[in-house]
Amino acid sequence: MKNFKASAEFWKNFYSLPPSQKESARETWRTFRENPFHPSLGTHRIHRLSALHGTSVYSVVVEGDLRVVFKIINDCVFTIDIGTHALYG
Amino acid sequence: MLAERFKQTRRDGRLRYEWPSEHEKVTHFEEIFTEWQKGLRGFEETARRKLYENDEFDDLDRRFHRAALGGMIYDGEGLAIEAIRLLHNELIDQESFEAHVKVIDELLAVLTARLHEWHGALEDQVDVPQSFKKGIKDIAEGKVLDMEKAMQDDPPSGDDEEFQGVG
């Protein structure tokens with residue numbers, strides 16, 4: 001993957017996280033940008049969101065129940081959101 | 001799988017259609033009613049394997065799932081319509097009618113909910129986080145920025161208009 005983009009919504013939500021969670025997310029990003037499917041990230045497809053959106057939507061484990069959600073279009077990874085919603089798995 | 005109006009028999013090597021007797025109509029309805037419910041249980045198992053828990057599901061799996069749901073809803077409504085006809089023709093009593101239609105309607109509600117959950121519009125899903133829907137909308141509208149910048153820089157303060165044309 002060469003390109004990594006973030007939605008404005010992700011940007012807003014990332015910055016509203018407490019400092020410790022921001023740091024965990026940055027740590028996760030360092031591995032993610034090398035390989036979004038690295039085994040340590042626990043990357044998995046969210047079946048229902050993928051079916052609804054018509055494109056695979058994936059979830060990455062940051063810490064605890066904090067997840068980053070992304071999709072891939074051509075060779076660009078788009079980070080959609082960051083949060084603790086149950087649907088993110 | 002609609003409750004058939006005619007009975008098919010083979011006589012003298014030819015397929016014939018005969019109007020079923022009153023008793024046969026009710027028996028036939030009961031058979032189709034039971035088969036429909038059995039079909040639903042089988043479907044749930046297949047859907048779990050092919051879609052809900054399948055990491056490799058593709059567009060074909062998704063479409064088969066939607067087609068199967070549509071078909072079962074169609075068959076369920078067909079059963080309810082046949083029950084109304086049987087009641088109207090006094091072939092079943094009110095109590096039997098209500099018992100059957102209650103089961104049919106409960107299962108139709110489950111099927112319809114499943115159809116909406118997996119194939120409805122994303123924006124109509126009440127349990128999908130608003131932030132996810134917004135993120136998807138941002139990407140579609142080009143409101144994206146380089147991920148490295150997102151991880152390091154503060155976003156602009158204020159309302160959404162400030163994110164217009166970001167990146």
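A note on names: the letters A, B, ... follow the listed sequences, proteins ahead of strands, and every chain is numbered from 1.
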Side-chain contact, heavy-atom cut-off 4.5 Å: [X] with [Y]?
{"X": "A:H44", "Y": "B:D55", "result": "no"}
{"X": "A:H47", "Y": "B:Y52", "result": "no"}
{"X": "A:R33", "Y": "B:E148", "result": "yes"}
{"X": "A:E9", "Y": "B:K143", "result": "no"}
{"X": "B:W118", "Y": "A:L52", "result": "no"}
{"X": "B:S131", "Y": "A:H85", "result": "yes"}

- Message: With a strict 4.5 Å heavy-atom criterion, list every residue of residues 55-69 of chain A that contacts chain B, or say none.
- Response: A:V57, A:V69
Is it the backbone or the side chain of [X] that comes under 4.5 Å from a heavy atom of chain B, or both, or neither?
{"X": "A:A86", "answer": "neither"}
{"X": "A:I82", "answer": "neither"}
{"X": "A:K71", "answer": "side chain"}

For [X], I'd like to know if atom [atom1] has over 12 heavy atoms of other residues, nucleotides or ligands within 6.0 Å.
{"X": "B:K137", "atom1": "NZ", "result": "no"}
{"X": "B:K50", "atom1": "NZ", "result": "no"}
{"X": "B:E90", "atom1": "CD", "result": "no"}

Determine the minimum heavy-atom distance between [X] and [Y], stating which atoms define it.
{"X": "B:V144", "Y": "A:S7", "value": "CG1-CA, 4.2 Å"}
{"X": "B:F57", "Y": "A:S50", "value": "CZ-CB, 3.8 Å"}
{"X": "B:A150", "Y": "A:A6", "value": "CB-CB, 3.8 Å"}
{"X": "A:L87", "Y": "B:P129", "value": "CD2-CD, 4.2 Å"}
{"X": "A:Y15", "Y": "B:M151", "value": "OH-O, 3.5 Å"}

- Short question: side chain of B:R62, backbone of A:G54 - any donor-acceptor pair under 3.5 Å?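 Judged by distance alone, no pair lies under 3.5 Å.
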- Straight-line distance of B:K134 NZ to A:D81 CG, nearest 0.5 Å: 10.5 Å
- Query: How many angstroms lie between atom CG of B:D146 and atom CH2 of A:W11, to the nearest 0.5 angstrom?
  - Reply: 10.5 Å
If you group Ile, Leu, Val, Met, Phe, Trp and Tyr by side-chain heavy-atom gaps below 4.5 Å, do [X] and [Y] land in one group?
{"X": "B:F29", "Y": "B:I81", "result": "no"}
{"X": "B:L122", "Y": "A:F78", "result": "yes"}
{"X": "A:W29", "Y": "A:I72", "result": "yes"}
{"X": "A:I46", "Y": "A:I73", "result": "yes"}
{"X": "B:I73", "Y": "B:F64", "result": "no"}

- For chain A, which residues from residues 93-106 of chain B have at least one heavy atom closer than 4.5 Å to it?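 Hits under 4.5 Å: none found.
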- Message: Checking A:R48 against B:E117 for the side-chain contact (heavy atoms from CB on, under 4.5 Å) test, could you report, in this order, the C-alpha distance in whole Å, the side-chain angles of both residues, the deciding distance, and whether it holds?
- Response: CA-CA 8 Å; A:R48 189 172 149 223; B:E117 272 168 19; 3.9 Å; yes
- Between B:D127 and chain A, which part of the residue has a heavy atom less than 4.5 Å away: side chain, backbone, both or neither? both
- Item | Side chain, backbone, both or neither of B:E56 within contact of chain A (heavy atoms, under 4.5 Å) | backbone
- A:F32: partners by ring-ring contact (aromatic ring centres under 6.0 Å, His included), with sequence neighbours left out: A:F4, A:F70
- Task: Mind telling me whether A:H53 and B:F132 have parallel, tilted or perpendicular rings, with 30° and 60° as the class edges?
- Result: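 Rings of B:F132 and A:H53: perpendicular, as their planes differ by over 60°.
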- Excluding sequence neighbours, so at least two apart, what forms salt bridge (charged side-chain N to carboxylate O under 4.0 Å, His left out) with A:R45? none
